[in-house]
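Worksheet for the structure shown next.
Read the numbers this way: they start at 1 and go in the same order the structure lists the ligands and their atoms.
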Amino acid sequence: MPETLRVELGARSYDIIVGGQLLAHAGEYIAPRLKSRHVIIISDETVAKLYLHRLTSALEEKNIGCRPVIVAPGERTKSLEAFSGLMETLLEQKPDREATLIALGGGVVGDLAGFAASVLLRGVDFIQMPTTLLSQVDSSVGGKTGINSRFGKNLIGSFHQPILVLSDVSALATLPKREWLAGYAEMLKYGLISDAGFFAWLEKNAGAMLAGDAKLLTYAIVRSCAAKAAIIAEDEREGGVRALLNFGHTFAHAFEAETGYSDTLLHGEAVAIGIILAFRLSVALGLCPEADLKRILSHYEATRLPASPLSIRPKWNIDALMEHFTRDKKTKDGKFTFILTRGIGKAFIAENIEKDFIRAWLS
Ligand code: NAD
Ligand code: GLY
């Protein structure tokens, strides 16, 4: 049986349904939530080849016809150019305000389609059907949508909550190993932010889970989504506590920008490295016991998560990294905000961090 949890946001509340073989039964979950039968699926070429037919058949069983729009896979599709092309293609289909978009794919498709839904005819409903581990534990939940600019990641976007998240863990069977690990970094993040018990569970179970054990996966995805849903319910638009979900991300976004949002460094890999740097910075500031950092590093070794930016590139341009930190959405009055930690499960928002200190620490 699939598990259901609810994101409590008043009129914008919605269910997250997690389980096996949900794509084949998607019509049962989707049909009752539609305002009209006008549905447009947005997917990428890789995911469409694997799962589009399963989804369209499931919808047809409920007499929902739909026209897919297929985009190129990869982070570069989260660009203004791709977004503009997508909007024109969507408008060609003459949607009305009761239309619903379905995002079938990973975080790239979800962020792009969600942003499109938020501005198409000034806003239509959308459904997230995440097919990567990263999107099932993170990007499909919480309503952050957007695209990248040459000035940085996710700098153009909106908050637009989906009306349903349908996570079929069976779809992960075709996910490349590298993408599994990238997604795992975002799952690990929840344990490291505020749930030391979950981190301990992951230390014990990550091996079997990452080998595809559906029961362990469902448990860990639901636990991750529950942690995120609780934060979203408290702070939907990141006025405060939601910033904790950006643990490691200030570093991650800078490395991603420096590598051109390319396959050189996947988002989740950048997050994995960023988390270690957040721990290292916390240790350097005397905030966090070094033993906690060592424990995490040994888990990284066991799971083969990347821990150092030097494993990606032997040398980084410090000025360029500093420039990216300055453009980070959390930067206020020229001072940095980092998510730091007092130990495993004890992350907090640290404001007013002096630029000169960070520059010296990086050098
Ligand atoms: P992705 O969407 O690029 O997917 C990774 C690759 O896997 C793609 O090539 C895709 O075609 C392929 N793929 C997807 N599902 C597959 C499957 N089941 N089988 C085989 N191949 C499959 O990457 P991602 O890691 O899912 O998402 C990363 C994006 O998510 C980044 O742009 C990041 O900024 C964003 N993100 C957003 C939020 C948010 O809150 N909105 C949170 C975290 C990350
Ligand atoms: N992934 C960070 C957030 O949703 O706020």
Side-chain angles (χ1 to χ4, degrees), residues 7 23 42-52 54-55 70-79 82 103-115 118 128-148 152-155 157-162 165 167-187 189-190 193 212 224-225 227-229 231-232 234-250 252-253 256-257 261-263 265-272 274 329-330 339:
V7 183
L23 270 160
I42 301 172
S43 191
D44 73 28
E45 286 153 12
T46 308
V47 177
K49 268 189 210 127
L50 292 163
Y51 299 112
L52 182 62
R54 212 175 289 177
L55 176 57
I70 310 302
V71 297
E75 189 68 34
R76 292 220 168 108
T77 290
K78 270 177 64 175
S79 66
L104 174 70
V108 164
V109 165
D111 281 11
L112 182 75
F115 186 40
S118 76
Q128 289 273 20
M129 295 198 62
T131 60
T132 61
L133 184 57
L134 182 141
S135 54
Q136 295 192 353
V137 298
D138 191 354
S139 62
S140 63
V141 175
K144 274 191 184 173
T145 79
I147 55 175
N148 306 325
K153 198 156 157 76
N154 300 330
L155 293 182
S158 63
F159 287 96
H160 188 57
Q161 300 294 341
V165 179
S167 283
D168 185 343
V169 297
S170 319
L172 301 178
T174 49
L175 201 61
K177 180 75 190 153
R178 195 175 165 198
E179 300 291 349
W180 274 92
L181 268 189
Y184 181 62
E186 297 276 20
M187 180 184 272
K189 181 184 78 178
Y190 297 108
I193 292 173
S224 301
C225 289
K228 181 157 184 180
I231 289 179
I232 303 303
E234 195 181 328
D235 177 23
E236 183 183 4
R237 296 176 76 94
E238 203 167 304
V241 72
R242 184 166 180 169
L244 291 176
L245 295 173
N246 288 321
F247 193 46
H249 282 57
T250 308
H253 288 166
E256 284 185 272
Y261 306 116
S262 65
D263 280 356
L265 182 65
L266 302 179
H267 174 70
E269 292 168 340
V271 169
K329 293 193 276 309
K330 295 186 293 306
I339 311 306

Q. Are Lys78 and Asn154 side-chain neighbours, meaning at least one heavy-atom pair lies under 4.5 Å?
A. yes
Q.
Is it the case that the side chains of Ser158 and Thr145 hold a donor-acceptor pair, with the cut-off being a distance below 3.5 Å and no angle test?
A. yes
Q) Within a strict 4.5 Å, meaning less than it, do heavy atoms of the Thr77 and Asp44 side chains meet? A) no
Q. Which is closest to atom 20 (C) of ligand 1 by heavy-atom distance: Val271, Asp263, Asp138, Thr174?
A. Thr174
Q) Got the closest protein heavy atom to atom 10 (C) of ligand 1, with its distance? A) Asp44 OD2, 3.3 Å
Q. Taking atom types as modelled and ignoring hydrogens, do the side chains of Tyr51 and Ser43 form a donor-acceptor contact shorter than 3.5 angstrom?
A. no
(Q) Using heavy atoms and a 4.0 Å limit, tell me yes or no: is Glu45 in contact with ligand 1? (A) no
Q) Should the proximity of Val141 to ligand 2, defined as any heavy atom under 4.0 Å, be assigned to the side chain, the backbone, both, or neither? A) neither
Q. For ligand 1, which atoms sit closer than 4.0 Å to a heavy atom of Tyr51?
A. 18 (N)
Q: Kindly say whether Leu133 contributes a backbone atom to a donor-acceptor pair with the side chain of Trp180 at under 3.5 angstrom?
A: no
Q) What protein heavy atom is closest to atom 4 (O) of ligand 1, reported as residue, atom name and distance in Å? A) Thr132 CG2, 3.6 Å
(Q) For Lys330, is there an ion pair with Glu238 - N to carboxylate O distance below 4.0 angstrom? (A) no
Q: Using heavy-atom distances, let me know which of Gly143, Gly107, Ser43 sits nearest atom 29 (C) of ligand 1.
A: Gly107
Q: Measure the distance from atom 3 (O) of ligand 1 to every protein heavy atom, then report the residue, atom name and distance (to 0.1 Å) of the closest one.
A: Val108 CG2, 3.3 Å
Q. What residue and atom, counting heavy atoms only, is the protein's closest point to atom 28 (C) of ligand 1, and at what distance?
A. Leu134 CD2, 3.9 Å
**Q.** Under 4.0 Å to a heavy atom of Lys144 - the qualifying atoms of ligand 2, by number
**A.** 2 (C), 3 (C), 4 (O), 5 (O)
(Q) Please work out, at 4.0 Å between heavy atoms, whether the side chain, the backbone, both, or neither of Glu186 comes within that distance of ligand 2. (A) neither
Q. Out of Glu186, Glu75, His253, which one pairs with His267 under the side chain to side chain donor-acceptor pair (under 3.5 Å) rule?
A. Glu186
